[in-house]
Amino acid sequence: MTAISNKNVRVSKVEKSRISEVDFSNLVFGKNFSDHMFVCDYKDGKWQNPSIIPYGDMTISPAAKVFHYGQAVFEGMKAYKDDNGNAWLFRPDQNFKRINRSSERLAIPAFREDYFFEALDTLVSLDKEWIKPGDGNALYIRPFVIATEVGVSASPSTEYKFIIVMSPVQAYYKGDVKVVVAEHFSRAADGGVGFTKAAGNYAGQFYPTNLAKEKGFQQVIWTDANEHKYLEEAGTMNVFFRVGDTLLTAPTNDRILDGVTRKSVIQLAKDAGVNVEVRRVPVSEIVEAANNGTLKEIFGAGTAAVISPVSAFSFQEKVYEIPKQKDSYATRFKKALMDIQYNRAEDPYGWRYAVD
Ligand code: COI
């Protein structure tokens, strides 16, 4: 993909960078933010004043609709640095399309493509020093939209802010991930907002995930809300199951996020000759595979989590351990993905996007 030149975004740079205050070898995910951020207002029926300004607190009315009705959507992306110091994004067109799909569902006006790409190009190149090279290091990019109209009537806001902040990160999950299969709580329902990155989708998972954490698990794998019979996605990741040598994952629909890492893994696996089945995955099938030894892997895929192997799952109070594989799909496709992201391999798909 090629970069779009900067025509609209006004830039006001920091006087002094805060980068020397950050310990890059001990980063906590999403706790430090780079020097600049992007802000654009929606007012009088149009997006206006796209600006890059020093990262910092903002003043927003306590009556802004986002605080009352959660009218907010977000995206997760990363910028990577190769060994020659060049910065890259990964499939940013997908994030742009998805934030507008999320916005549409929450009655938020679509953002402008030219502003989005100009903002990303300019921000990432301004704060390029915040991207460290090396596997797992990245600048996590968080675009989001919030409803800023003052007023607590339950109706769509007429004013919004589109903001992008960026945070230097390492791996999201350190070590193994253990998951609980949801048997009572649900993340999303038919016709709902599960396919969007609506802020509330994540808040709704915090309580059940806390219960899972109390039992020593990191995540919940959500099942369909009707019967809790089919495996859908984990809180911050889509999920894959390897039964024998076949890779299974649930199809996207109005309950499941159309993950960029998910669709990239499907493509990489198919092109590597792996049999990939995108279909409903019954819990019973995975339990049976765990019992008869054909369940070789479960892994999650997401921008923050990249590809995270799941070492155990719990269902009906029983814990199923997944034995470690020597040549795991998780390791293989994580490497293939990161080789493209970090510009170490050919990119036959055109997924890599150069930042000037
Ligand atoms: C991402 O992977 O970018 C996500 O949005 C997950 C996030 C909640 C950490």
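Ligands are counted one by one from 1 in listed order, and the atoms in each one are counted from 1 as well.
Residue-level contacts of ligand 1 at the 4.0 Å heavy-atom threshold are Phe74, Gly76, Tyr140, Arg142, Tyr172, Lys197, Tyr202, Thr236, Thr303, Ala304.
Applying the side-chain hydrogen bond (donor to acceptor under 3.5 Å, both in side chains) test to residues at least two apart or on different chains, the pairs with a partner in residues 38-55 are Asp41-Lys161.
In this structure, OG1 in Thr252 is found 8.0 Å from CD1 in Ile266, a value given to the nearest 0.5 Å.
Counting side-chain heavy-atom gaps under 4.5 Å among Ile, Leu, Val, Met, Phe, Trp and Tyr, the cluster of Val152 also holds Tyr69.
For the residue pair Tyr80 and Gln341, a side-chain donor N or O sits within less than 3.5 Å of a side-chain acceptor on the partner.
Relative ring orientation between Tyr349 and Trp351 is described as parallel, the plane-to-plane angle staying below 30° on a 0-90° scale split at 30° and 60°.
For Asp82, there are no salt bridge (Lys or Arg N to Asp or Glu O under 4.0 Å) partners two or more places apart in sequence or in a different chain.
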